[in-house]
Amino acid sequence: MTELAVNLGGLQMKNPVTTASGTFGFGPEYAPFVDLNKLGAIVVKGITLKPRKGNPTPRIAETPAGILNCIGLQNPGVDYFIEKSLPYLRQYDTPVIVNIAGNSLEDYAEVTRRLSAAEGVAALEVNISCPNVKEGGMIFGTSCTMASEVIGVVRQNTRLPVIAKLSPNVTDIVEIARGVAEAGADALALINTLLGMKIDVYSRKPVLGNIMGGLSGPAIRPVAVRIVWQVAQAVQLPILGMGGIMTAEDALEFILAGATAIAVGTANFINPRATVDILEGIKQYMEKYGVKDINELVGAAWN
Amino acid sequence: MTELAVNLGGLQMKNPVTTASGTFGFGPEYAPFVDLNKLGAIVVKGITLKPRKGNPTPRIAETPAGILNCIGLQNPGVDYFIEKSLPYLRQYDTPVIVNIAGNSLEDYAEVTRRLSAAEGVAALEVNISCPNVKEGGMIFGTSCTMASEVIGVVRQNTRLPVIAKLSPNVTDIVEIARGVAEAGADALALINTLLGMKIDVYSRKPVLGNIMGGLSGPAIRPVAVRIVWQVAQAVQLPILGMGGIMTAEDALEFILAGATAIAVGTANFINPRATVDILEGIKQYMEKYGVKDINELVGAAWN
Amino acid sequence: MSFCGIAEVVINQKVGPEHYLMRILAPELTRLAKPGQFVHVRCSSVLDPLLRRPISLHGIDYERGTVSLLYQVVGRGTQLLSEMKPGAEIDIMGPLGKGFSIPDRANRVLVIGGGIGVAPLFPLVQALKRYKIKQTVLLGARSADFVVGADQLASLEVRVEVSTDDGSLGYKGFVTDLAEKHVKLNKPDYFFACGPNPMLKQLLKITRKFGLAGQVSLEERMGCGVGACLACVCKIKVASGRCSVAGVNEGAPIDFEYKKVCTDGPVFAASEVILDD
Amino acid sequence: MSFCGIAEVVINQKVGPEHYLMRILAPELTRLAKPGQFVHVRCSSVLDPLLRRPISLHGIDYERGTVSLLYQVVGRGTQLLSEMKPGAEIDIMGPLGKGFSIPDRANRVLVIGGGIGVAPLFPLVQALKRYKIKQTVLLGARSADFVVGADQLASLEVRVEVSTDDGSLGYKGFVTDLAEKHVKLNKPDYFFACGPNPMLKQLLKITRKFGLAGQVSLEERMGCGVGACLACVCKIKVASGRCSVAGVNEGAPIDFEYKKVCTDGPVFAASEVILDD
Ligand SMILES: Cc1cc2nc3c(=O)[nH]c(=O)nc-3n(C[C@H](O)[C@H](O)[C@H](O)COP(=O)(O)OP(=O)(O)OC[C@H]3O[C@@H](n4cnc5c(N)ncnc54)[C@H](O)[C@@H]3O)c2cc1C
Ligand SMILES: Cc1cc2nc3c(=O)[nH]c(=O)nc-3n(C[C@H](O)[C@H](O)[C@H](O)COP(=O)(O)OP(=O)(O)OC[C@H]3O[C@@H](n4cnc5c(N)ncnc54)[C@H](O)[C@@H]3O)c2cc1C
Ligand SMILES: Cc1cc2nc3c(=O)[nH]c(=O)nc-3n(C[C@H](O)[C@H](O)[C@H](O)COP(=O)(O)O)c2cc1C
Ligand SMILES: Cc1cc2nc3c(=O)[nH]c(=O)nc-3n(C[C@H](O)[C@H](O)[C@H](O)COP(=O)(O)O)c2cc1C
Ligand code: FES
Ligand code: FES
């Protein structure tokens with residue numbers, strides 16, 4: 001038997017396959033295609049204290065082997081989420097990781113408190129890396145001091161495992177990873193989107209409603225693998241790796257680079273069954289190459 | 001008639017289409033496919049003071065809509081270049097931009113002096129952004145102080161136009177662009193490759209001989225366009241834009257974002273006539289949409 | 001439930017200057033399909049182009065288990081679609097979205113299609129016919145060759161009127177002018193429309209002026225197609241005291257919420273949509 | 001000069017468990033082609049997979065203006081190649097590289113192909129025949145079904161010997177063992193070889209031991225294919241006093257320079273190549 005269970009900073013998961021925040025809604029959207037019980041965890045769309053309308057359209061643009069998005073954290077707010085979305089998710093035997101964002105430290109603190117008091121939240125993924133909102137978001141994630149402050153505040157307000165989600169748009173991500181580790185993060189989520197844009201040469205205007213957006217999908221995978229590789233060897237925290245994972249091979253690349261678990265994002269849009277297909281592929285690889293425990297593969301490419 | 005001539009920080013070019021350093025050799029390689037006289041300029045492979053062997057193989061890996069390379073600045077050294085490569089290039093009525101790199105400030109200074117004394121060098125592109133060499137290279141380009149120092153040293157040793165080639169692997173590229181502008185750069189080349197890597201899940205080893213490499217090609221275009229857009233609006237220097245340009249439309253995206261000229265890199269490998277095809281496509285676009293002078297399009301997407 | 005998997009292209013033929021008709025054998029999908037719904041198709045088996053493309057159901061043949069798509073080549077994805085040969089495999093997902101719903105009180109219905117917007121109107125027209133509801137179909141296009149499907153509609157024995165921008169076929173002018181005339185003259189009691197945003201915007205002005213209720217099918221760029229990514233939103237009036245929902249409330253900002261074209265739509269009640277420029 | 005453009009696939013058929021033979025009508029390219037050269041082909045018209053793939057010229061038909069490629073499906077690019085139908089357009093660039101050169105002094109030649117390495121040896125064998133040089137061809141493969149082209153070679157009336165790792169055809173063992181036997185027994189005066197690196201490494205040990213001169217065709221991952229990117233380098237001994245070029249200079253580091261497989265090769269003098277593990 002192949003052992004697939006992993007522990008992500010205190011969060012016990014039956015397998016390493018999760019969903020990337022913002023690409024899997026709140027669960028029911030992909031339920032027609034995926035048995036949600038099969039997933040290692042479900043990471044839901046970013047939640048803020050108050051509801052947010054998000055950005056004007058167009059909110060998505062296709063790029064070579066990638067997409068740009070500028071959703072702008074549209075979400076119904078934490079109270080609505082706890083009341084309406086959590087009960088649905090509680091039906092499943094799969095831990096729910098809530099991705100949170102805020103405009104201020106106080107926002108992060110309050111969202112953390114409310115979610116920690118709610119039933120059925122297994123961990124918090126702290127988004128300090130959203131490129132699509134004016135206040136907060138990425139600005140928190142590109143400064144080491146601010147990143148640590150946010151994680152510190154979340155840490156003080158919860159006993160749940162805290163996963164810090166970092167921005168790749170920085171000179172030295174290892175420094176930031178060290179900062180949030182010291183501030184009390186239990187795990188790291190790597191990576192959020194790269195800041196990008198696209199111009200329509202016929203209208204001579206930016207394509208996206210918000211001008212810039214976050215680049216995701218297979219195009220960014222080499223950058224994401226590199227970041228996981230660098231951080232995993234420098235910082236003693238488990239990593240939730242993501243960025244362009246489409247197949248089991250892609251997922252294994254992240255695990256070999258040092259990720260303990262992986263998240264499937266953009267791939268869901270192309271293959272709604274991507275998560276379970278990837279899980280199946282990982283199992284097959286392990287059987288074929290005689291890998292008994294997935295944890296043997298974590299960081300196995302280092303030497 | 002459409003006017004295609006542009007001026008890149010003192011370098012007069014008959015059209016905005018150039019080649020990206022390292023992707024077009026020293027000229028003769030693509031001469032069977034391209035009339036070199038048609039190009040706005042030729043940017044040659046990075047040159048260092050002493051010959052360099054470069055990195056072990058594999059030096060290239062394919063990624064989704066992109067490639068990773070870790071050539072490691074293999075080159076025959078500045079003297080060989082001046083003696084053997086420049087005479088060939090002087091046959092053509094096309095300005096030659098020499099891309100230079102070094103391990104130390106003194107290296108940069110000496111290469112600059114030798115090239116400035118040689119006949120047939122039209123401008124220097126200063127590579128402070130190579131991700132594939134241990135000393136020098138990118139480390140110069142990710143620190144604002146060091147970037148300015150290198151450009152300052154080159155500036156002091158030449159009257160040629162100085163183009164600073166920046167690394168995208170930074171938190172705040174505008175800050176670095178401002179720094180090199182103050183240090184005396186006449187133009188900016190944006191962008192060099194993104195740091196990335198790839199792991200072979202069967203051998204469980206990094207694919208590249210040098211482990212990490214630089215990501216180029218269409219995959220990175222959204223990041224490159226975003227950087228040109230940001231820098232062009234913040235810094236008063238002309239920009240040589242590059243990163244994933246495959247077609248005339250792609251080139252126009254950079255020009256609309258604020259680039260005065262563009263460089264074709266990875267695309268040469270896929271279509272050896274990419275440079276001239278792109279030039280032709282730009283002309284057709286201008287004729288179709290009644291653009292008299294290409295300079296009208298520079299930054300035309302800003303408002 | 002939705003289907004997602006490989007289906008077989010049965011026919012893929014050129015039916016207009018840039019228009020193609022593709023029939024796909026997909027019994028599981030067809031069984032669930034309703035007029036106004038769409039499918040999300042992959043145009044390539046590799047990673048470029050990456051995203052699926054949303055295309056409306058133009059024909060639903062429950063007996064043969066096939067759906068047809070009527071699509072216009074506008075970019076790379078539709079270009080690749082048009083190159084698929086009969087027998088080819090296509091990766092298709094659907095049916096998706098909420099389709100048209102036919103209200104009990106509708107007796108004389110006006111159906112308006114602009115450009116490729118005619119595509120989803122066919123199964124609607126057939127359904128209206130089955131319900132024996134009187135209908136007139138107005139089709140607008142750039143020029144005569146861009147009018148697709150008029151003959152087919154005529155063969156269904158419904159009244160069809162055509163307008164072209166250049167007058168090369170039918171009424172010379174916009175289909176919205178034709179619609180306004182028709183509304184004045186024949187006083188329909190309901191309408192359905194699909195077409196480009198400027199057309200819908202103009203049409204909403206007219207129908208709101210005359211107090212005509214109806215449904216419109218919207219388009220927006222999509223990621224997932226299933227309501228997960230929030231890319232495809234459109235502005236929907238918030239049913240609060242703060243704004244008038246009857247007419248276009250010039251000047252005063254109308255309060256809105258973003259709804260998803262892929263799952264809340266693509267068909268919305270005409271009274272609730274807000275179309276920006 | 002080199003050709004780069006669209007050519008027509010004439011034949012593309014399966015000829016082994018993972019092997020395909022593609023014939024391409026490209027008169028301009030064919031006219032320039034020499035044994036040992038290669039072409040650089042695009043496997044997709046979109047941006048994924050992005051790079052061209054280098055494939056040797058397996059057949060050169062100057063009269064018909066066609067070249068043929070013998071290739072093994074090992075990844076996505078070759079998979080896509082294998083799916084091309086006769087009549088399809090293929091984006092092809094070449095001929096590239098320096099091919100084999102036949103030395104005047106060669107009288108009894110040994111030709112060794114390992115795996116798909118046989119591909120470029122066909123036009124060489126034909127040329128050797130034209131020059132009336134005696135030759136023996138040794139082919140090595142995993143197992144019987146992986147031996148391709150033995151029949152064709154036999155039909156050229158050259159002596160062919162086969163080895164398979166599992167003994168399912170011909171000699172059981174590595175083709176390098178066969179080569180060593182042959183060198184000892186028949187004392188050839190020159191050799192040509194193409195195959196995987198471990199095979200070439202072993203072969204170089206043998207030929208160096210016996211002082212046999214020859215040429216080997218190397219493979220390396222390529223970007224441009226024209227000498228511009230410096231991706232495809234291999235280690236070539238520097239002809240300086242500092243190192244022995246005759247034997248493998250165990251222990252002492254051999255000084256080398258990187259040369260380009262695409263333009264300095266793919267064929268190199270056996271005496272000058274250094275193969276790492
Ligand atoms: C619900 C719905 C139903 C549709 N039904 C039909 C139909 O029946 N027939 C038909 O011809 N077209 C229909 N369209 C429009 C069709 O989706 C686009 O023409 C198509 O996606 C263009 O793809 P492309 O690659 O050729 O163009 P590109 O411009 O290269 O596409 C680039 C990106 O923009 C998106 N995009 C471009 N145009 C549109 C558009 N109008 N709407 C949404 N996304 C767009 C693409 O999906 C892709 O992600 C429908 C759109 C929606 C939202
Ligand atoms: C000069 C030369 C001549 C060749 N001739 C033949 C031939 O006649 N028949 C044949 O079957 N194969 C030949 N090869 C090998 C062939 O190029 C590879 O098998 C092919 O590129 C694999 O592509 P893929 O997409 O299927 O595999 P993938 O592994 O998916 O390719 C990924 C990348 O690695 C490169 N790559 C993978 N394997 C090789 C390899 N062995 N050599 C160089 N690059 C590689 C690819 O070009 C691509 O860039 C030759 C290689 C060279 C350098
Ligand atoms: C449409 C969309 C919405 C996203 N929303 C969020 C979000 O709300 N919070 C967050 O932390 N990351 C968000 N992300 C980033 C993803 O979770 C993930 O980090 C990124 O897309 C890289 O993974 P991928 O390439 O597999 O998509 C979003 C990404 C996409 C494409
Ligand atoms: C094989 C290769 C070699 C390169 N060598 C250099 C170099 O020597 N100096 C340099 O400044 N940039 C070098 N670059 C970076 C390119 O000049 C360019 O900045 C980058 O590739 C982005 O453009 P592209 O996506 O069009 O290739 C190299 C890129 C590639 C792919
Ligand atoms: S396309 Fe993702 S929510 Fe509609
Ligand atoms: S492939 Fe570019 S130098 Fe050989």
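Below, chain A is the first sequence line, B the second, and so on; all start at residue 1. Since we're looking at a predicted model, the values are computed, not measured.
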In a check of side-chain contact (heavy atoms from CB on, under 4.5 Å) between T275(B) and each of V17(B), I262(B), T18(B), which one passes?
->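 It is V17(B); the other options fail the test.
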
[atom1] of [X] to [atom2] of [Y]: how many Å apart, nearest 0.5 Å?
X       : Y       : atom1 : atom2 : answer
I176(A) : T171(B) : CD1   : OG1   : 6.0 Å
L279(B) : L4(B)   : CG    : CG    : 6.0 Å
E249(A) : D200(B) : CD    : CG    : 8.5 Å
T266(A) : M246(A) : OG1   : CE    : 8.0 Å

Given the options V225(A), I255(A), I173(A), which has more heavy-atom pairs under 4.5 Å with chain B than any of the others?
->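 Going by pairs under 4.5 Å, I would pick V225(A).
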
Pick one of side chain, backbone, both or neither for I227(B), based on which atoms fall under 4.5 Å of a heavy atom in chain A.
->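 Neither; nothing under 4.5 Å.
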
Proximity breakdown for L256(B) and chain A, heavy-atom pairs closer than 4.5 Å =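 Its backbone and side chain both get close to chain A.
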
Top residue by heavy-atom pair count (under 4.5 Å) with chain A, among A61(B), A300(B), A65(B), P168(B)?
->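 Top count of heavy-atom pairs under 4.5 Å with chain A: A65(B).
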
Per-residue contacts, residues 281-299 of chain B versus chain A, heavy atoms under 4.5 Å |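 Listed by number, the contacting residues are Y285(B), Y289(B), V291(B), L297(B).
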
Could you tell me whether a side-chain N or O of K165(A) sits under 3.5 Å from a main-chain N or O of L188(A), the two making a donor and an acceptor?
->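 No: the side chain of K165(A) does not pair with the backbone of L188(A).
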
Side chain S167(A), main chain N169(A), donor-acceptor under 3.5 Å |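 Looks like yes, one N/O pair under 3.5 Å.
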
Answer yes if the side chains of S216(B) and T193(B) hold a donor-acceptor pair under 3.5 Å, and no otherwise.
->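 There is no such pair (donor and acceptor under 3.5 Å, judged by atom type) between the side chains of S216(B) and T193(B).
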
Can you say whether [X] sits under 4.5 Å from chain B via the side chain, the backbone, both, or neither, judging by heavy atoms?
X       : answer
D250(A) : neither
L68(A)  : side chain
I211(A) : side chain

Would you call E253(A) and R221(A) a salt bridge, using N to O less than 4.0 angstrom?
->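 Looking at E253(A) and R221(A), the cut-off is met.
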
